[in-house]
Every structure is written in C-alpha cells, then in structure tokens.
Amino acid sequence: MSDQQLVAILPHILLSALILIQMMVIAFARNLVTTVVISIIALVLTGLAFIPVHSLIPIVVTPLIVLDGYAIFYSGLILMSATAVTLMAYDYFKDREERQDEFFMLLLLATLGALILVCSSHFASLILGLELLGVSLYTMISYPRKGLLTLEAALKYLILSGVSSTFILFGAALIYAISGSLGFAELATIGSAENGTGELFLTAGSALIFGGIMFKLSLTPFHMWTPDVYEGAPAPVTAFVATVSKGAIFAISLRLFTSSGLIETSSILTGLSIVAILSMLAGNLLALKQDNVKRILAYSSIAHLGYLMVAFIAAGMVGGGMVGGKVLAFEASSYFLFAYFITTLGAFGVVTIVSLRDHEKDAGDISNYEGLFWHRPLLAIMFTLTLLSLAGIPLTVGFIGKFYIFTAGVTTTLWLLLLTVIAGSGIGLFYYLRIIFAMTKRTDASVSEIEIPLAGGCAVAAISAAMLLFGIYPAPVINLINNLIA
Amino acid sequence: MQLVALISVLFIGGLVAWLAERRNHDWPKWVSLITILLSALLMIPLFSLEPTSVPLGAATSQWLLVYEAPWIPRFGISFLLGMDGLSLLMVALTLFLGLVALASSWNEIDHQPGFFQFNLMWTLAGVTGVFVALDLFLFFFFWEVMLIPMYFLIAIWGHENKAYASMKFFLFTQISGLFMLLSILAFVFAAADLTGNFTFNYFDLVGLNLDPDLAWWLMLGFFVAFVVKLPGFPFHTWLPDAHTQAPTAASVLLAGILLKTGAYGLIRFTVPLFPEAAMEIAQVAMLLGAIGVVYGAIMAFAQDDFKRLVAYSSVSHMGFVLIGIFAWRELTLQGSVMQMVAHGLSTAALFMIAGALQHRLHTRDVSEMGGLWKDMPRMGAIAMFFIIASLGMPGLGNFVGEFMILMGTFQVNVPITVFASLGLIVAAVYSLVAMQRVFQGAPTADRNLQDFDLREVATMVLMMLGLVYLGVHPQPVFDMVEPALTSLYQLTGPMHEWVGAAR
Amino acid sequence: MDPVAVPVEQGLALAAILFSIGLTGVMVRRNIIIILMSVEVMLNACALAFIVAGAKWGEADGQIMFMLILSVAAAEVAVGLGLLLQINRRVGSIDIDETSRLRG
Amino acid sequence: MSTELFPFYLAATVALVSTLLAVTRYNPTHALIYFIISLLATAVIFFLLGAPFAAVLEIMIYAGAIVVLFLFVVMMLNLGSRGDELEHQWLKPKMWVMPSVLCLILFFELVYVLSGPSHPITGTAVSPKEVGIQLFGPYVLAVEIASMLLLAGLVGAYHLGRRYLSDARGQS
Amino acid sequence: MNELIWLVPLAPLISFTIMFATQGKLGKTPVAILGVGSVGLSALIVFSIVFSWMNSGPQAPYIYTVASWINVGGFNPKISFHLDGLSLTMMSVVTGVGFLIHVYSSLFMEDDEDYSRFFSYMNLFVCAMLILVLADNMLLLYLGWEGVGLCSYLLVGFWHEDLNNCAAARKAFVVTRVGDTAMALGLFLLFMHLGTLQIQPMIEAATQTWVAGDTIPTIAALLLLGGAVGKSAQLPLQTWLPDAMAGPTPVSALIHAATMVTAGVYLIARTHGLYLLAPMAQTAVAVVGLATLLMAAFTALTQTDIKRILAYSTISQIGYMFLALGVGAWASGIFHLMTHAFFKALLFLGAGAVIYSLHHEHNIFKMGGLRKKLPVAFWSFLIGSAALTALPLTSGFFSKDEILLAAYEVNPWFWAGGLLGAFLTSVYSFRLVFVVFFGEAKTEPSAPAGPRMAVPLIILCVLSIIGGWFHIPVDAVFPVVAESHHDQTIAIITPLVPILGVILAYLMFLRKSLDFTSLLESPLGSNLRKFFFSHWAMDWLYDKVFVMPYKTIARVNQSDIVDMVYEGIANITSIFHYLTSSTQTGQLRWYAFSMVAGLVFILVIMLGII
C-alpha cells in the first residue's frame, strides 16, 4: 500500500484509532464529558483529515475502497450529522442511563461503518460497512435498556435488517457467480459480455441486492419496520438512523448501481419507478392522520426516500439535454440528501429537546407540542422551519432539495413520478401543517416546563440557521457539490 | 435597488414588530404602521419614473426599474426584479390594503400581536415580491413565501373552524403551485434546448417558439396555479372557507391582494409566455370565468354567513377578471386591471364591515342580524355604499372594470358575454338581499352597539374616495398600466390577430 | 484434492433452498431464538452460495467472503442474544408477539 | 448422474432435511442441534467444492462457536416447556401456507434464473495458503473492518447483557 | 347661459354630498334649504336657458365637455353634456316638477327623523336624472340610468325598517336591472360595429353603415328597447312599479310618475335614428306600448289602493308614449311625457295630501266625501284626472289626441286599442275621484296640509291645464313628420270616448244607477276580476318561473356541490390512510412477510416475467 493510499484512508485510520483511545479512556476513567469531548474531537479530526485526501482524489485503495469527491461529500455529511447527534445524545442520556459512555463509542463505530460504506467499491467492504453500521445501531437503539419499546425496536430492526443483509449477500453471490468479480466497476464490463442467462443472473442478483437496500432505505414495501423503530428508538438515535444510516446506504447504492451500469437496464428502472411511486404514496398516506410525531417523521422519511428515488432513477435515464442527466441526477440526490439531513436532524433535535422532560418515554404524541409556539417560541420556530422544509416550502433548504428533484425528473421526463411527487407533497402538507397547527394552539399546557439545553440547543439552532441560509442562498452548497461530484 | 429596499423594509419591519412585542404589547402595530408608511415613502419616487429601455422581445419597453443580482448561477437563476406600471399599481394597492388591514386589526388582536404583525408584514412582502419578480424561480419563491404567513394568520387568529380552512387554503394553493413549478422547470429546460442558454430570466424566455404540444402543457401548469389563486370556477372552494375563518385583516389581504396575484400571473406570465397555447384555452378560460361570475353570485345569494357571502361575491367578481384577461384586448385588459383594483377596495371594505359586525355581535350569521342600520347608521350608510359599489354601480370603480371587460369581450365572444352579463343581474340580487338581511328591517333585539368610530370611518372614507375616484376619473390608472399592457399585448401578436378575427 | 464437478447451478439451487427455508422460519416462528437461528440459516445459505461461486472461478474471494460472513454472523448473534436476554429479563418471555407494542 | 457427484447429493440432502427440521422444531434445543447437523453437512459440501479451509471454519466457528452460544443462552434462559407449548398452539399447519408459498415463488424465480445451460465447476481447489495471501493482500482492509465490526458486537453484547448496577446491588 | 349647464346636475350632487357626509347631523331647516335650494338653483338655470333659447329661436345642439373620462383603445367616452331641444325639455320637466315636489316634500316629510337622508337621496336622484338626459354619450347616459335606478331603490326602501318596503325596493332595482343589462348588451353591440358610444356620431355612423331593416340595428334597437322597457315599466318588466309605491308619496310622484319612468321614452326618442333603421323594432315599441297600456288599464280598474291605481295609470300612460314612439310620432311622445309629468305629479301629490290627512290610509273604499274637507286635494285630483282622461282643453287632451291620430295613420288597430285604453282610463280615473271625494265620509281627515304642500299643488294644477299650449322645442331634433290627413270622423270620435267613460264612471260609482255586481260575482266575472287585480298574474308567473327556481337552486346548492368533489378526494385519501395504516400491525412476521412479498414482486418485475 503506497503512502498516498495510506493518506487517502487517513480519516478512517484516525477514527478507528480514536475509537480505541476512547475505549481505553472509558476503561480507565469513565467520565461522560470526557467521552463526549473525545467523540467530538474524533469527528472533527476525521473531518479535517479529508482535506489532504481532497488533493488525491480519485484514488483507489485496495480493491475495496475508492476515495473520490462523491465519497468525500457524503463523508462530510455523515460526520456533520454524527456530530449533531452526539450533541443531542449528550443532553438526552445525561440523566437517563447509568452508563452512557459506550453509547458514544458505538456512535463512532457506526459512523466509521457509514464512512466505509460511502467509499466502498467492493461487495466485501459494502457488507462490512453495512454490518458495522447495523450492529452498532442495534445496541444504540436499545441503549436505554429499561424501556421495553427500545428493546422491541432494536429486536425488530436486528432481525429484519439481518434478513435484508442476507438478501444483499445472496444477490452479491449470484452476481459473483456469473461475473467472477466482487468489485462494482468490473461488473460494468462483464455484464454486457455475458449471454442471456448471465443477464438474468445479473438482474436477479441486483434485484436481491436492491431488495436489501430498499429495506435499509425503508422504501415500500420494505418500509414497515420504520415507524416502529423510529418510535421506539431514543430520539437522537432515530436521527442517526434517519440520516447517517439511510444517507450512507443511499450513497453506496447509487454508486453501486451507476458504476456497475446495472441501473440502465430498463426492467430495473421499471421496478425502481414502481417502488418510488409506492413509497411516496404509502409514506404520505400512512402519515396522514397519525398522531405520533416520531411516527409521522418516520412515514415522512419513507416518502422522502421515495422523492429521492426520482433522482436515483434519473441517474439511469439517458438524455437530459443541456445539463446532462447523470451529473444532474447525482447533484440532485446529493443536494436533496443534504437538505434531508439537516432537516431531519433539526426535527429530531427538537423532539429530543421536548423529550428531555420525560425519562420514560419520548415526546411522541402530538399533544406534547401544543402551545409550544407561545411558551417556547424559538423552539417552535425551529420546528416549524424543519417541518416547512420537509414540506418543501421556500425559504427553507427543503425547497431547494425538492426543486432539484423536480429538475432531475424534468430533464429526464419522468412525468408520472413527478406527478406522484406533487400528489405526495400535497398529502404531506396536511400532516406537517397539523403539527404546526398543534403548536399554535392556545393552551397553558405543560410545554412551558421544557428547558432548552445548551449543547442540543446550539446544535438545533445551528441546523435551523443552515436550513434558512441554504434555503435562501444555496449557491455555496451547489458549488461544493459540483466541485466534488461533477 | 429601490425594489430590494421596498421588499426588505417589509421583511425587516415584520421581524422588528415581532421583537418589539417583548417590550410592549402595543408596539408591534406601531412598528407595522411605520413600516408600511416607510415603504410607501419609498414608492413615491417610483411614480415619477419614465420607462427605461430594457428590451423585452420585439415589443416596446415598459420597464421603469430593473434590478438584477446573481443568485443561483448553476441554473441561471438570478435575483431579477423589475417594475412596470402594472407592478407599480399592484404594489401600491398592496401597501394601501396593508394599511387597511392594519387599521382593521388595530384593536382586534390581543393574542400575540407581535407575531400577528410579523405575519402581516411578511404577507405584504411576499406579495410585493410576487408583483416585481421577473425571474421565474424567484417568482415561484415569493409565490410560496406569501402563503406561509397567511396560513399562520388564518390558523392562529382565525375563527372556530380555522384548522380546516387554513389547511384547505394551503393545500389548494400549494398543490397548484407545484404544478406551476413543474411547468417552470420543464419550460426552462425546453428553452435551454432551444436557445442553448440556461436561464430563468423572464426577458430571455419570452417570445420563444416552443413545440405547440409542449407549450400547451406548460401553459396549463401556469394556468392552473393562477386560476386556483384567482380563484376561478371550479377551483374556488378554498376561498369561502379561508375567508370565513380568517381574521379581518387576513380576509382583507386575501381578498384584496392575494387573489390579484393570480390575475397578475395570468397577465404577466401565462399569456405572454405561451401565446398560442393560451389562445387555445382562451375560450375555455372565458367560459370558466363566466360560469364563475354567475355561479359565485348564486352561491353568494344562498349563504347565511356574511363573510362567506362576500367570499362568493369575490368569486363572481374575479370571474370577470378571468374573462377580461383571456379576451386579451386592450379594453378588457385595462378593464381587468381596473376590476382588480376596484374589487380590492370594495371587498376589503366589505370584509372590514363583516369583521366589525363580528366583533360587535359575535356572529357572522346574517339570519341573526337585521335592522342594524337603526343601531349603527354610519355603518349602514357605508355598507350601502360598498354594496352598491360591488354590484357595479356606474360612477364607481367596479363598474368601469366590469363594463370595459364585457364591452371588450363582446367583440370576442358574444355568448360568453351575454352569459357573464347575467352576473350583473344576480349580483344585484345577492348584494341587495345581503343588505336587507343585515342592515334593514326592524332591529331584532335591543342591542347596544357601537357605531363605527373615527379610525374605522377614516379607513372607510379613504376607500370610498378611492372607488369614486376610480369611477369618475380612472384615466390615471389606465395611463399608468398602459405601457405595460401595450407591450405585453404586442408580444403576443398572433393571439391579438386571432381575437380580432374571431368575430 | 480437486473439487468435485458439481454444476454451479445445482450448488446455487441448494443455497437457494436453504435460504428459502430460513426465510420461512423468520416468517412463521414466534420464538425469538429460532427466528435468530433462521437468520443464521439464511446467512449460511449465502455463505454456501459464495463458496459455490468461488469454486466456479477457482478464486479465494468466495472463501474470503465466507469468512467475512462468519464475522458478521458472530457479531449479529452476539448483539441479538444480548437483546434476547434483556427482553427475557423485562418481559419474562421470548415470544416475539408478547414483546410487540409498537404499531399503527 | 455420475457417481462422482454422489457425496454432494448426499450432503445436500442431509443439509436440506436437517435445516427443515431445524426451523420446524418446537423445542429450541432440538432445533439448534438440527442446525448443527445442517452446518456439518454444509461443511462437507464446502470440502467437496474445494474449499477445505472454509469447511474447517464452518465447523469450528459456525457450529462450534456461534451455535453453541445459542445453546448457552437457551440454557441460561431456562425456559422450560411453556414456550414449547405456546409454540405448539401457534404453529398450526396453515400458518406455514402463505410464507411457504411465497418462498416457493421466490425459489422458483431463482430456479428460473439458474435454469440455463449447466456450468460444472472446472477450477482447482483453493488452498488455505492462497486464501491467506488474498486475505492479507487485497482484503487486508476487510480484515481490519471486520475487527471493528466484532468490536461493535462486543461492546453491544457487553452493554446489553450487563445487569443494572442498581439491580445487582439490590440482589446482593 | 349655456355655459352654466355643468352646474345643473352639480348643484344637487353637492347638496347630496354634504348631506351624506354629515349623516343627519344638520338640522331640518338647513337640510330643507339645501335640498330644495339646490334643485331650485338647477331649475333656475334651466329656465334661464329655456328663456334664452326661446328668445333666440332654434339653436344648434350645444356640447359642453366637463372632463375626459376614459380613453382606452379607441373607447373614449367623455363626461360631456349635450344640450338640445329634447334634453332641454326633459331638464325643464325634471327640475321644474322636481323642484315642486321637493318643496312639497319639505313639509310632507317633516316628521320623519331621517329627513336629511331623504333629501340626500332626492337630490342624488335629480342629479342622476339630469345626467341621464344631458349625457352626450351612452356610457354617461348609462351612468345616469343606473343612478336613477339606485335612487329609486334607496327611496322606495326609504323606510327600511319595514321589510316589505325593502323587498319592493329590491324588486324595483332587480327588475330594471334586467332591462339595463339588455341595454348594456345593446351598447356593446353598437360599440363593436360603430366604434363609438357618443350618441350623435353613433347614430350618424349607424345610418351610414346600415340601411333600414338590417339585422344588427334591429337587434341593437331591440336590446335598447329592453332597457327602456325595464326603466319605463312596460311589458314584460312592468311588475316592479306598483310595488314601488311602498316609498313615500313624493317619491312616487317624482320617480315613478313624473321623471324616472319616462327615461325609457327619452332613450328611444334620443336614439330614434337607430329605430328608423329598424322598422321591426319600432313596431315592437308600438306593440309593447299598446299591450301595456291596455293591460295596465284593465288592472287599474280593479285596484283599491289609491297609489296603486295611480301606478297602473302611469304604466298605462307610458304605454301611450311608447305607442307614440312606435308610430314615429316622436314629438308627440315627448309632449305627452311632459304633460303626463304635470298631471301625474299633481295626482300623486294630491294623493299624498289625502294620505297625509288620513293618517296613511291607502284604501279608497275607506275614504269618501273628502271634497269639502280637503278642497285643494279635491281640485288637484279633479284637474289631474281630467288631464289624465284627456278631457278636452286639458293638457292631456292635446298630447293624447296627437298620439291617437298618429297611431291611426300607421295602423287603425293601434288607434282602436289606444281608444279603448282612453276609455278605460276615464273610467278608472273618475272611479277614483268619485269614490274618494264624493259620497259619505268614512275616515275623518286631520287638518289639510300647509301652504308648502298646497302651493306646488296649485302650480301643478295650472300646468296641467295650460300645459297643452306649450310648444316643446324639439322640432330640430326629430325628423319632420308629414302633415297628417286624417279622417274627420276619427278626429271627432277620439276626444268623445273619454267623455263616455266619465259618464259611465259617474253612473256606476256616484249615481250607482248601473250595477254590475251580479256580473262581477259570476264565476267568470270574479275570476276575471281577480285576474285583473293581480295584474294579469304576472307576479305569480315570474315568481314561479324565475324567483322560485333560483331560490331553490341556491338553497339546494348552499354548501357548494363543487366542494364535494374536493371533499371526496379528501375522503378517499383518508380511506387509503386507514387501509394502509392497518398494515402496520407491529407483528414482526408480517413485516418479514411483506419484505418477502416485496422481493417477489421486485423479482417478477425486474426479471421481466410479467
């Protein structure tokens, strides 16, 4: 392995090393603040370590890992999200579980898994990254062991996620059987050379892989675990599942399907389109009259991943005229995910803060938010912003994200999908507005007891600011994405 | 820069008003007042501007002011504002009605006045933005921005059924808005294929030779969004609910200016961008307008809720605007603009009266009213004036608008004109019935009611003078919008010929 | 020893059958232990498929994937059984239906 | 059908039958023992396919470590027969119908994919040495990541399996 | 003097504005001075103009432009006044009679607390009417046209605490609006083809564009006729006028007798050039007039309410004017308009005096024997009725005679019908006189009205008698009608018929020597009577055909059927929500099942099996 390659995986090495250091520190001097500080340092250092990497891209490090702009962008997103979750989790667990330190270690491990995922170029690293992420998450979800709901959520996630991993594995095995290769890029050359049976093998394999990925992305009909896990898991962990986990998996699946050329098969595109439509409709319909905010966010994430699939599908379409379909599709999905990341983090940040009062149960029910506008206006405004952003209303980053989805769809003339996006957005508005409306109710409810903690408060405030800033002036992020991806 | 300042003043004023609430419960409304006056002050120099030479297609120039700054260069989106006579008039109306709305809510809002004023100001800012935005993306941006504060105004300070009404309002406008977004994007990409230039700039997009089928669909996206907002039949059903449940100030803004954004959009975008496609749909649009005129009037007649009644009358009146726009003659366009302004004033006043009644009687049900003239002669007389205005009495602004629309449309399509003219009759029916049920008859109970006070009378008189002025001396308004309309009118050459040939 | 000339398709078919049996187990059983075991059956089927494929190409990759699957299985089982213990401690049962409260 | 393939079919049949029995037993201990048999049969197949190293690992780690872990847990839980009875009540034959049908469809789809001209394995056996070279060559990072994966599993199992300090204090 | 023409409509307008702005804060005296004085000022100016015209002989039309109004795309109506013989005549009537009625009202309405509001409306009415007659273009005319309609509405519903008055007022407005809309359409049609609405150029252009009998001028003329019919209460839009008697009596005198209802006549006379191009439309005018005059006369015979009798007589008399216009006797029509204004105002004001003295009693059969107690009223009625009946030497005689003779020239049937009408007129007029003023007293009147009511009555009495000798200066306006050579017998029969009617009325109602009771109580007779009494069941018919269906539709659709579509969409969405959320059972095995099902589905699709 050359020096350059070592530098290229420096972030991962650094993060692993710091995890080990953290473990040592926990073993010898258990202290929550120290642990959290180490976590933050680890995340920041890892982020900084990408700077030297930037000058080397694209670079292949063993067949397993490839570092390019795409990977760097998603790594950045993941690290940002992990940092925010760390801050929220600090507030959340401060007074809850008797030993909180391991949580932060697991958080770092999960983050490492996600980082590996986004830069993997081989089924081995794909599976390992996926499992590193997953295994850490199982424990994170069930971390407050006293709550039954958390255990149930973790168990459901563990079993179903395990099943979905086997889907991916079996699919990979099929593909390997026909192509003799486990690296993504080689698939592109082999796939076309094979005869009819090979084609079927490839398609069946990718269908299986896609089935597994759809589970992780909670796309219909693989979505059923989502609301239960979202509701059961502690709010910061839900934020992590919703952002890091889904984002990383989306990134790798987009890379897998595009670099292997699988996505350009028309039957696969048809399947993807149907899944996307079903997700948009089912996600929004399920949320329509839901009374639990965490479940609403779960359903809305199903719908959002459906929207994201529009960009995914656009990446497989030829054409696109002026702006080039594939590049735009990548750009669109990246921006949309960026928007989705900060919006979701904001939403769960608020849920976390509201949940701090009650140690038994997270603030799920919509009634927990009534009157928030009048008693904790700042918190309410931040939540309103996130909800509007989820709904894709201007002034927020979610609007630009949806704009990108529309753009990607329009350039590739995916009219049916876009009409579904419109229908879904329409239904979506209903439940987002319901939450906002609940917040504006005039009650002298107990929301006035809510105290805004320093760490989580800062995180949510920063996220809201970013939501507004990049909603109004998205050019910096767009330029960044273009520099890294195009 | 003046335009940027104008919009920013309103945005910032809203924020300040909100913050001011922490100091004193009464400060926000004063902040709002100062904000509106300040922006009005900013507008004064604009009235003396002469059109500059910004090319717009092959047509003559109409623009008084244009401001451009880069925004999202990736897509050729810029922060492009432009003002011509039409925009100027609409912005002036916006500010005036903002003032009226402020006056109508002066003593009405006890709950969270700061946030109320914030929403009021931001609605005004959003609407102002809509009227001056010339980048399609920016236009859509403002189009949506004005919805949220309006949603809050209804959802927080509305009446008993506010959740339903605000939701309906938002859903209708938002979903139709997404269709427009789809159209905008498809249009921009189609245009980029055509010109090789990737841009949302109105000036660059006007006058392109699109594929007719594509243009038709694109036009439809714009059309739906604007007609829902207008609101045209059969997309009008959000309006009665929204108006009924909204607080007075919001009703005033909604009826007075938000509906006008739909008409403005049709004039500014739908027809000039897709003249041939608009030509194809013109007959249908006019028919929808005519149905709206009559249907709205019949519905207004049937209502027991005073605000609902006025809301349906808006449907009826805006139907004329729709007819006028799609008849697309100089006469009808001018008539439509006049109708927009006059309807803004008369309906705003009627909503103020409805609000005042609700404030005093705690009901909007007209069957519980009656004989109120006796109790409140000033209000009765003023209400009579506006009822008369809204049924199209010559000498007042509404008449000028309606008459010119019908007269111009007659040259384009006789049956539709005849049908729409029925609206003149049914308008008289519902207006006078409303007048009778609310104000006439013997007082039903011994109510000790406060007649209009000085503030209310002053606002009303201002609007009355406005309507009379528009009725007897409308020419300044016509002159103001004339360059704008003429150049838009020239842009669409073929449609003009077609309309002329249709007889 | 040279490998037996098993047709690749038959090897994969065996893996597919095992996979399906495991899947059925997950769908039918209520005992969490057996559900976990069924997942292991599926993982094992995948491992078999990789070995078969690796044998077809005569490469080490298949076996390496098998080893990775082994570690995955180990990690999952460790956490899964930990969860199981905790659930049994809280609920007093390892019946999946008795722990189910989240729905709607 | 050549005799050469006979061991393969025998092992395959054993694997199939034992796996079937494993997922249908009411008693978890029985099920796990059938699973071990299935794993052993699989190991034979691995061996036949020219992967002796994998076969050894299958027996040592899969059957010897992982499944034994299961057995330990079953014993720790000391479930008695209540769970079996419940399972017995629940597992009516009709419960198997829909899932089995679905799995059959899935299976036939895979068979459809596999139903091309046959590709007999022609390669040579891959020795443990070769595997080792590969593992610490191109796959070195995978080994590292797997170590982190096991670390995560370790930490998780530690956290979940540990009793609460308060509980422990209460008992002592 | 002509230059002061702008002040004529302005003076009442200013007065209106002041009173509206002060909202009853002024005392009654200032209001009276302002209200009466402003109209007086207008009258003064008008009569000085008349005087100067008389002195200088026929003059060319004088056009005074106040301001430009609208100038858009070739449509440029101005606010400008057209002064010629016709408008001068109309103005004289409006301001002259109007002034008298104002004077009268200042006493009649003295006890009303809304005195100021009353005069503000009256002034606004005068202003609107003056604009109507002075307008140089059809748009301005339309402004006045709608303005008088509005004032009519306001004044009929003046006592708005009684909802019946409001309903009557609304009916007046809406029914006339139907006609107005037709008229507006006529204007659109004319503008489309002629490019202007300025009356004189428009008529000139019309004559250059079309020849007599063309379709478009016929349609336009018929549409204008629609407007005229509405405003002048002719068939089929006459039903509002009797109900409009709900207003104060001076209002009835001013609006529903003397001035506003004649607007239709004025309109047709003003646009007679168009009717000359449309002989069919002109015949329609005559037929409408004839039918209306007969129908209203029959109805008047059976009425018992003093004001309703007068109302139907108004409708009938305007029918004569239409008849005149229809047969081309333009000047006679306008002449009858003027004389009718005198005697009808007289009759109404007289009726007002009676009602005033009898504490708002309207039923004539509860009156009687008032001849001695209310002499002024009695003489007013007598003279007014005589003029109405067209007894020789009264003003009405001259005008009606001209009309009938002209009608004979065109079609003897018109003449015969008109004559029958004249006969009926004399019967019902003198029925009224005899029942109210002769016989025994049934209600004791209070003191007769003061001089402010008496003086206008006396002046109008004089005018009703001598009005026939006035020469209206319309020769220059209308085409010269060829000298008629009618039969001597016709010329003799025509004035005799009314006298016969008077005699019949005398015998029936005063001497009671003729008794038709048995005839009236026969089934046919009583039904016919009911039929006439209900004004030929027109109200009933309109109620069933227009009002009820409209109300029913409106009520049925109160909650907006269109909204149900959207509600339906919302409900379907909700149903889908419940369907989908029932899949979230929380059962792990179901979740796994759905995953496998999904996988099967994906495989099926991706493998292209389906």
Side-chain angles (χ1 to χ4, degrees), chain A residues 63 122-125 127-128 130-132 134-139 141-142 145-156 158-163 165-183 197 201 208 225 227-232 286 290-292 295, chain C residues 8-9 11-12 15-16 19 22-23 26-27 32 35-36 38-59 61-62 64-69 71-80 82-84 86-91 96 99-104:
Chain A
H122 191 280
F123 279 117
S125 47
I127 288 296
L128 286 172
L130 209 57
E131 284 303 314
L132 179 50
V135 169
S136 314
L137 268 178
Y138 306 149
T139 320
I141 291 171
S142 60
R145 293 167 298 163
K146 276 185 175 164
L148 268 179
L149 296 187
T150 55
L151 292 174
E152 185 195 336
L155 185 71
K156 281 180 175 170
L158 182 137
I159 291 169
L160 296 174
S161 172
V163 171
S165 297
T166 61
F167 288 175
I168 297 175
L169 281 168
F170 204 89
L174 282 182
I175 289 178
Y176 177 56
I178 199 67
S179 68
S181 155
L182 285 164
T197 329
F201 256 70
L208 278 166
W225 60 277
D228 290 3
V229 171
Y230 271 49
E231 188 187 349
L286 277 164
Q290 182 55 248
D291 284 326
N292 187 307
R295 289 186 91 88
Chain C
V8 178
E9 283 73 20
L12 289 176
F19 190 82
L23 205 49
V26 175
M27 280 190 279
I32 298 173
I35 294 174
L36 283 174
S38 299
V39 176
E40 295 303 309
V41 171
M42 292 168 76
L43 279 172
N44 187 47
C46 296
L48 177 60
F50 267 112
I51 296 286
V52 170
K56 177 190 172 190
W57 300 106
E59 284 173 358
D61 299 53
I64 289 170
M65 284 306 285
F66 163 72
M67 278 181 253
L68 297 179
I69 289 172
S71 62
V72 166
E76 281 210 9
V77 163
V79 177
L83 262 177
L84 181 70
Q86 202 60 247
I87 285 173
N88 188 51
R89 202 172 289 164
R90 300 286 154 207
V91 189
I96 186 79
T99 60
S100 252
R101 279 168 184 74
L102 295 163
R103 70 190 57 193

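Proteins get letters first, then strands, A, B, ... in listed order; numbering begins at 1 in each. Fair warning: this is a prediction, and the values are worked out from it, not measured in the lab.
There is no contact between I64(C) and chain A, counting heavy-atom distances below 4.5 Å. A73(C) does not touch chain A: none of its heavy atoms, backbone or side chain, sits under 4.5 Å away. Proximity to chain A (any heavy atom under 4.5 Å) is restricted, for I69(C), to the side chain, taken from C-beta onward. Neither the backbone nor the side chain of L48(C) comes within less than 4.5 Å of any heavy atom in chain A. Neither the backbone nor the side chain of L84(C) comes within contact range of chain A; no heavy atom of the residue lies under 4.5 Å from a heavy atom of that chain. Both the backbone and the side chain of A16(C) come within less than 4.5 Å of a heavy atom of chain A. Contacts of V79(C) with chain A are made by both backbone and side-chain atoms, with heavy-atom separations under 4.5 Å. Both the backbone and the side chain of M42(C) come within less than 4.5 Å of a heavy atom in chain A. For I35(C), the part sitting under 4.5 Å from any heavy atom of chain A is the side chain, from C-beta outward, and nothing else. Only the side chain of L36(C) has a heavy atom closer than 4.5 Å to any heavy atom of chain A.
For the atom pair OG (S71(C)) and CG (L128(A)), the distance works out to 6.0 Å, reported to the nearest 0.5 Å. Taken to the nearest 0.5 Å, the OG1 atom of T139(A) stands 7.0 Å off from the CG atom of L83(C).
Closest approach of D61(C) and Y176(A) over heavy atoms only: CB-OH, 3.4 Å. In plain terms, the two heavy atoms of V39(C) and T166(A) that are nearest each other are O-CG2, 4.3 Å. Nearest heavy atom pair, residue A173(A) against residue A53(C), reads O-CB, 3.9 Å.
With respect to chain C, the highest number of heavy-atom pairs below 4.5 Å among L174(A), L151(A), L149(A) belongs to L151(A). Chosen from D291(A), L158(A), V229(A), the residue pairing most often with chain C at heavy-atom distances under 4.5 Å is L158(A).
When side chains are defined from C-beta on, L169(A) does not count as touching F19(C), because their heavy atoms never get closer than 4.5 Å.
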Could you go through the side chain to side chain contact (heavy atoms under 4.5 Å, CB included) check for I32(C) and L155(A) one step at a time?
CA-CA 9 Å; I32(C) 298 173; L155(A) 185 71; 3.5 Å; yes

Please assess L23(C) against F167(A) for the test side chain to side chain contact (heavy atoms under 4.5 Å, CB included), listing each intermediate value before the final yes or no.
CA-CA 10 Å; L23(C) 205 49; F167(A) 288 175; 4.1 Å; yes

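Annotation: ring pair (Phe, Tyr, Trp, His ring centres under 6.0 Å) contacts of Y138(A) (sequence neighbours excluded): Y157(A). Every residue two or more places apart in sequence or in another chain that forms a side-chain hydrogen bond (donor to acceptor under 3.5 Å, both in side chains) with E231(A) is listed here: N292(A), R295(A).
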